[in-house]
Amino acid sequence: MSIDWIKLLFTLLGLFIVLNYGLLQYGLIRRITARIGKRIGMPVYQPYIDLVKNYAMRSQITHGVMFYLGPVFRLVGGVGIFMFMPLIYGSYYWSNYSFAGDVILIMYFMFFGMLGMALGASEGGHPYSFIGISRGLSQFTTVEVPFTLAVIAVAVQHHSFSLTEIVAGQQGGIMHWNIMTNPFAGIAAMLAFLGMMMASPFNVVQAPQEIPIGPPTEYHGTYLGLLQTNRAILYVSESILMVNLFFGGATNWVELIVKSFCVFFWPVFVGLVFPRFRIDQSIPWFLKIPLILSIIGIFMV
Amino acid sequence: MEDKKTFIDPDLTKRTVIGPNGEDITVDPIQDYFCDALPKKHEPKRAKIFENFFNWARAESIWVLGFGTGCGSIELYPLLTPRFDAYRFGVQMRPTPRQANLMIISGYLSVKTLKRAIRSYEQMQNPKFVMALGSCTINGGMYFDSYNTINRLDKYMPVDVYVAGCMPRPEAILAGFEALKKRIKAGKAEGANLYAENFETYKANQKKIIRDWNMPDYNW
Amino acid sequence: MEKIIQHLQGAFDVKAVKKQRNDLYFVTVGKDQAIPAVTYLRDAEGFSHLVMITVADWMEKGVFELNYIVHNYQLHADISICTNIDREEATMHSAHHLWEQAWTYQRELKEMYGIEFPGSPRVDESFNLEGWDNIPPMRREFDTLKYANETFFPRPGRVSHDPATYMKQKLYPNE
Ligand code: SF4
């Protein structure tokens, strides 16, 4: 088997672009949040400085092997989603390693990162980590249900589990996008997306001011740097996934960035408007409206 | 008048518990739950240019441990409001000592609080800085003759910046952040190494006033 | 209120009554009658809320004056039951069975003044001063300045001024 070196290079380059994009986007979010609170807010490049600082911490402590592996797993989850997702439709080099069943693999990777984090955080031994992780896992499980159903609806519609083909089926104008052709599944997925991004109404997992920051309580220095890197990659990857699934994909970088930017800001704006749900409110919420919508979405097809 | 009380913390005494298979497990929390390695000195990077770059990053991204003592903790919250907005200077609040770089001692420290403050300080990771607010931390302030509040913070942990006032206004605290940044960028803020080097002295001072020392000497 | 005070005077050996305000009376009783008086106020007169238990140190008279302040929500009135106990053998009957928050008050009084409350739960645990080994610090024979100078590290060069004279000198130096 020959390795397509140029393709690998392009994939890594894409990863690099996505990382920077994610960091800048995070800075921008903080900036917008600050503006809404009538503050000026931190510089847009602040996440870079934080990252450098965290990697430059002099001393680290560890709580055991799983403590090391937690952030690594999470990073693998984030990178994994990215690796198997076509970025630009119609481009051989920018479609990464997408193949016929990539949707399923991506769904798996999403959960994988969370599980890795659970193992790592429980080794840390801080009670808040446990609370955060148990909330995170239970919420994520319920988020997965409507999201998976919505994805299945899309897959049935296009008779394929390949993202490339799903995107291909949506070409030809806005009326061909899945959000238009199958609005119920689209809306369900968008609502589930809120939970996936852990933005405000569903951020009990990290819940600042409540269980200070949840799972990563014990993580510091390089571990935290890894987690930050991953956050940048993961969130952008998830929004690109949404673009691919429901918003017709993208045929060039500008289109991709504009679309994923809009998708990314949907949870941010929702989060700024709505207060946080408790875990016992958010789980039934996900099992009600989005679930029903996604089931309708399947029957629509 | 009263004989000395020996207070024994029930959570920290040696005890025997019965394991899931019926076997006896002896638990000595001080030994088992804590690591008692002493702090090490961490040399700065040898290449000057790296160290300068890292110091710049440290100065521009100060993560503050949300730990308030005394009157001053109420003065810290305005820092995050639209009026003062410390985020502009890269100052952020962190809820856990593991991720924080800067500890703000915001006012008088009673002996009981000092114990907790030391624990939190020791859990912070190496490039760590301390900023002390108010005259109480400098020389005792208006509590100079109190039986229960310390007079000089720098006897118990290395302090990088003092901000004088009773209580310093948020503007003064922002100025304190600027001073701290200058110090970090000049490479002078080596509080953690200082603490590791003079560990014996600091510990002796701490143990002199914290009489029921029921924790290990160093809590990483 | 007058009636309640009269009831108290009828039932207990009241030494002195001082009317502070219309809704605040200080009633002094003997040491053994204090807890029964408080119990009576709580159960029969509706003073269901314990505001605080506090102590004044009368070193010159050689007594501690204990105050049990109770509040009546219907009348919006307070009565303080005062009693004097000997400073040297400071022992008082415990009120822990009446209100649970009395535990904490008594724990604090034990720590700060060295007053014994036999039978009160957890009274021997340290409250604020962990591992205190001197005489209780709120007793007036305790010299806090001396203690602070010996224990903590006073910064050389610190001076205290009397605010009134100092500000006068600063602001109006010519007067
Ligand atoms: S310096 Fe003043 S404001 Fe600050 S802790 Fe002391 S008394 Fe309070």
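Each chain gets a letter, A, B and so on, in the order the sequences are listed, and its residues count up from 1.
Within residues 55-63 of chain B, the residues having any heavy atom less than 4.5 Å from a heavy atom of chain A are, in residue-number order, W56(B), A57(B), R58(B), E60(B), S61(B), W63(B).
The environment of NZ in K188(B) is sparse: at most 12 heavy-atom neighbours from other residues, nucleotides or ligands sit within 6.0 Å. More than 12 heavy atoms of other residues, nucleotides or ligands lie within 6.0 Å of CZ in R116(B), so this atom counts as buried by the packing criterion.
Contacts of F84(B) with chain A are absent, with no heavy-atom separation under 4.5 Å from either backbone or side chain.
Taking all atoms of both residues into account, the shortest heavy-atom contact from D85(B) to I40(A) is OD2-N, 2.9 Å. Counting all heavy atoms, side chain and backbone alike, Q92(B) lies closest to D50(A) at NE2-OD2, 3.1 Å. Taking each heavy atom of K53(A) and N101(B) in turn, the nearest pair found is NZ-OD1, 2.7 Å.
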Identify all side-chain donor-acceptor contacts of residues 169-182 of chain B below 3.5 Å with residues at least two apart in sequence or on another chain.
from, atom 1, to, atom 2, distance (Å)
K181(B), NZ, F89(B), O, 2.8

